Visitor: 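First the structure, which I've put down as structure tokens, then a few questions once you've had a look.
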There are 2 protein chains.
Amino acid sequence: MELAEAKQKFIESWGKLGSEWGINRTMAQVHALLLISPAPLTTEEIMETLSISRGNANMTLRDLIGWGLIEKQHKAGERKEYFYADKDAWNIARQVAKERRKRELDPVVKILDELSKVEGDMKDPEFATFHKSVTDINKLAKNVDKTIETMINAEENWFWGSILKMFK
Amino acid sequence: MELAEAKQKFIESWGKLGSEWGINRTMAQVHALLLISPAPLTTEEIMETLSISRGNANMTLRDLIGWGLIEKQHKAGERKEYFYADKDAWNIARQVAKERRKRELDPVVKILDELSKVEGDMKDPEFATFHKSVTDINKLAKNVDKTIETMINAEENWFWGSILKMFK
DNA sequence: TTAAACTTTCAATAAGTTTTGAAAGTTTAA
DNA sequence: TTAAACTTTCAAAACTTATTGAAAGTTTAA
């Protein structure tokens, strides 16, 4: 396979994976493009390469900055802004885990905590089933939360080393 | 909070979380409803409770069966089909992990394997950066894959016990 | 058989999400 | 200042995905 074709395929696949996991396709594609670019790119270059509009490029780049996945860079003597992505896969994974926890997991845990406190008669099957499911899922969510916490603070080798040891 | 209100809130939150993670809202809501129902429900009851159409209910229930999250049940002497959800949070998590791995992670790993094989000149920064990102992400994806494998075959207490030990 | 009870399908439509592009805003250099 | 270079905004349009509901299909009991 040619490098050019391979790049194309990488961008496409990353976009598809993103959209299956609730991340907008264009955002994942822009991220993919920056991941495989040795040098920072301008808005113009990104628009061109991915055939997207200026508005879309601008919004997407802002979102990616909000997710902590890319950064603006300044080149001395130039007016244009350049964008650059951290290439370290572990950092990327941590960053995504961190943001999704904050944005999505934490709010749900908050609600599950509330719902766990709802009182009722354990002899009523309606209540008993509700209570079991809610508290059970709540425990699971808290374990996930702790695992993400560990991951965020961990070195890649140590983290996977510890987890993969479980195989033996 | 009233039980009725709490149920409502649980269904809503589950639907919202689902949609943020690429699972259609209605599907997550139907699943939530069945999770807190002590007895199996009919299509009719589900349509009624969630105010959705017959067609939608039917499709969603089939999908949930495809995900291995609910089952049809037969009641002796009745024509209607009843639907029942496994209430064990660990089973649910395993099942979802298993399906998403099969549907989404595996295809991406396959492409990453291919892309890792693309050859080029390491002195060309274009190639070097592409190659680093792809192989790096590929390794990460494989670790995730192995972790899911472990999870699928594991008992809940053993799995979390092993992971949470990492904290100490 | 028949017909009632129930399930499935799918084209049309609605709802939701993303994208565009032109206009407004901002910054910089002269 | 001014105007060119560049960035941001946002209403409208395009696109994608989910939902409806009526018709077709299937199963069962008599």
Side-chain angles (χ1 to χ4, degrees), chain A residues 11-12 14-34 40-67 69-84 100 103-104, chain B residues 11-12 14-34 40-67 69-84 100 103-104:
Chain A
I11 292 170
E12 259 173 44
W14 210 236
K16 195 175 168 226
L17 186 67
S19 70
E20 286 165 341
W21 285 84
I23 285 154
N24 131 4
R25 209 187 79 248
T26 303
M27 190 168 138
Q29 286 186 341
V30 171
H31 186 225
L33 172 62
L34 289 172
L41 300 180
T42 61
T43 302
E44 214 75 27
E45 289 169 312
I46 293 165
M47 286 166 57
E48 177 99 351
T49 312
L50 301 177
S51 308
I52 61 174
S53 71
R54 186 172 299 285
N56 195 5
N58 183 267
M59 272 194 158
T60 299
L61 288 165
R62 285 155 121 290
D63 280 355
L64 281 168
I65 290 171
W67 276 80
L69 294 172
I70 68 171
E71 292 181 350
K72 277 190 187 177
Q73 279 209 342
H74 231 304
K75 280 202 182 174
E78 292 223 40
R79 289 286 298 282
K80 284 195 282 284
E81 307 204 69
Y82 286 77
F83 298 90
Y84 183 78
R100 296 204 82 153
R103 295 170 193 219
E104 295 144 22
Chain B
I11 291 170
E12 260 173 45
W14 210 237
K16 195 175 169 225
L17 186 67
S19 69
E20 285 165 342
W21 286 85
I23 286 155
N24 136 354
R25 207 188 79 248
T26 303
M27 191 169 138
Q29 287 185 340
V30 170
H31 186 223
L33 172 60
L34 288 172
L41 300 179
T42 62
T43 302
E44 214 74 29
E45 289 169 313
I46 293 164
M47 287 165 57
E48 176 98 351
T49 311
L50 301 178
S51 309
I52 61 175
S53 72
R54 185 172 299 286
N56 194 7
N58 184 267
M59 275 195 157
T60 298
L61 289 165
R62 285 156 121 289
D63 281 355
L64 282 168
I65 289 172
W67 277 79
L69 294 172
I70 67 171
E71 294 181 349
K72 277 190 187 177
Q73 280 210 341
H74 230 305
K75 280 202 180 173
E78 291 223 40
R79 289 285 298 282
K80 284 195 282 284
E81 307 203 71
Y82 286 77
F83 298 90
Y84 183 78
R100 297 204 82 154
R103 295 170 192 219
E104 294 145 23

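All of these numbers come straight from a predicted model, not from anything done at the bench. Chain identifiers are assigned alphabetically (A, B, ...) following the order of the sequence lines, protein sequences preceding nucleic acid strands; residue numbering begins at 1 within each chain.
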Visitor: Return the value, rounded to whole Å, for the distance between atom NZ of A/Lys80 and atom P of D/dA4.
Guide: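 Checked: the NZ to P distance equals 17 Å.
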Visitor: For B/Asn56 and C/dT9, what is the distance between atoms CG and P respectively, to the nearest whole Å?
Guide: 14 Å
Visitor: Could you check whether A/Glu44 gets within reach of a base, just the sugar-phosphate, or nothing at all, counting any heavy atom under 4.0 Å?
Guide: nothing
Visitor: Please report, rounded to the nearest Å, how far the C1' atom of D/dT8 is from the CE atom of A/Met59.
Guide: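 These atoms are roughly 9 Å apart.
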Visitor: If we check side-chain contact (heavy atoms from CB on, under 4.5 Å) with A/Lys75, which of these qualifies: A/Arg79, A/Gln73, A/Glu78?
Guide: A/Glu78
Visitor: With the threshold set at under 4.0 Å for non-hydrogen atoms, list the residues of residues 15-34 of chain A touching DNA chain D in residue-number order.
Guide: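 Those residues: none at all.
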Visitor: Taking all non-hydrogen atoms of both residues, which atom of B/Ala57 and which atom of B/Thr43 are closest, and how far apart?
Guide: CB-CG2, 4.0 Å
Visitor: Look up atom CZ in B/Arg103 and atom CD in A/Glu20, then write down how far apart they are to the nearest 0.5 Å.
Guide: 10.5 Å
Visitor: How close or far is atom C1' of D/dT9 from atom CG of A/Leu61, stated in whole angstroms?
Guide: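 So the CG-C1' distance, A/Leu61 to D/dT9, works out to 15 Å.
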Visitor: Between B/Glu78 (CD) and C/dC6 (P), how many Å, whole number?
Guide: 8 Å
Visitor: Between A/Ala28 and A/Trp14, what is the shortest heavy-atom contact and its length?
Guide: O-CD1, 3.3 Å
Visitor: How close do B/Leu41 and B/Glu45 get, heavy atom to heavy atom, and via which atoms?
Guide: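 So the two residues come closest at CA-OE1, 3.2 Å.
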Visitor: Looking at A/Asn58, I'd like to know whether one of its side-chain N or O atoms comes within less than 4.0 Å of OP1 or OP2 on D/dT7.
Guide: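 False: A/Asn58 side-chain N/O out of range (4.0 Å or more) of D/dT7 OP1/OP2.
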Visitor: Hey, which of B/Leu64, B/Asn58, B/Ile65, B/Thr60 is the one that makes side-chain contact (heavy atoms from CB on, under 4.5 Å) with B/Arg62?
Guide: B/Asn58
Visitor: Measuring only between side-chain heavy atoms, which start at C-beta, is B/Val30 closer than 4.5 Å to B/Leu61?
Guide: yes
Visitor: How close do B/Glu81 and B/Lys72 get, heavy atom to heavy atom, and via which atoms?
Guide: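 So the minimum-distance heavy-atom pair works out to OE1-CD, 2.9 Å.
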Visitor: When the distance from NZ of A/Lys72 to P of D/dT7 is rounded to whole Å, what number comes out?
Guide: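 Atom-to-atom, A/Lys72 to D/dT7, this comes out as 8 Å.
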Visitor: State, yes or no, whether a side-chain contact exists between A/Ile11 and A/Leu50 at a heavy-atom distance under 4.5 Å.
Guide: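 When only atoms from C-beta onward are counted, A/Leu50 and A/Ile11 do touch, with a gap below 4.5 Å.
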Visitor: Tell me, what's DNA chain D's dot-bracket, Watson-Crick or G-U with both distances under 3.5 Å, | for other-strand, [ ] crossing?
Guide: ||||||||||||||||||||||||||||||
Visitor: Is there a side-chain contact between A/His31 and A/Trp67, using heavy atoms and a 4.5 Å cut-off?
Guide: no
Visitor: Each nucleotide N or O in nucleotides 22-30 of chain D that has a protein N or O under 3.5 Å away: list the pair and distance.
Guide:
from, atom 1, to, atom 2, distance (Å)
D/dT27, O2, B/Arg79, NH2, 2.9

Visitor: Round to a whole Å and report the spacing from CZ of B/Arg62 to P of C/dC6.
Guide: 19 Å
Visitor: Please state how far atom CG in A/Leu64 lies from atom P in C/dT18, giving the value in whole angstrom units.
Guide: 13 Å
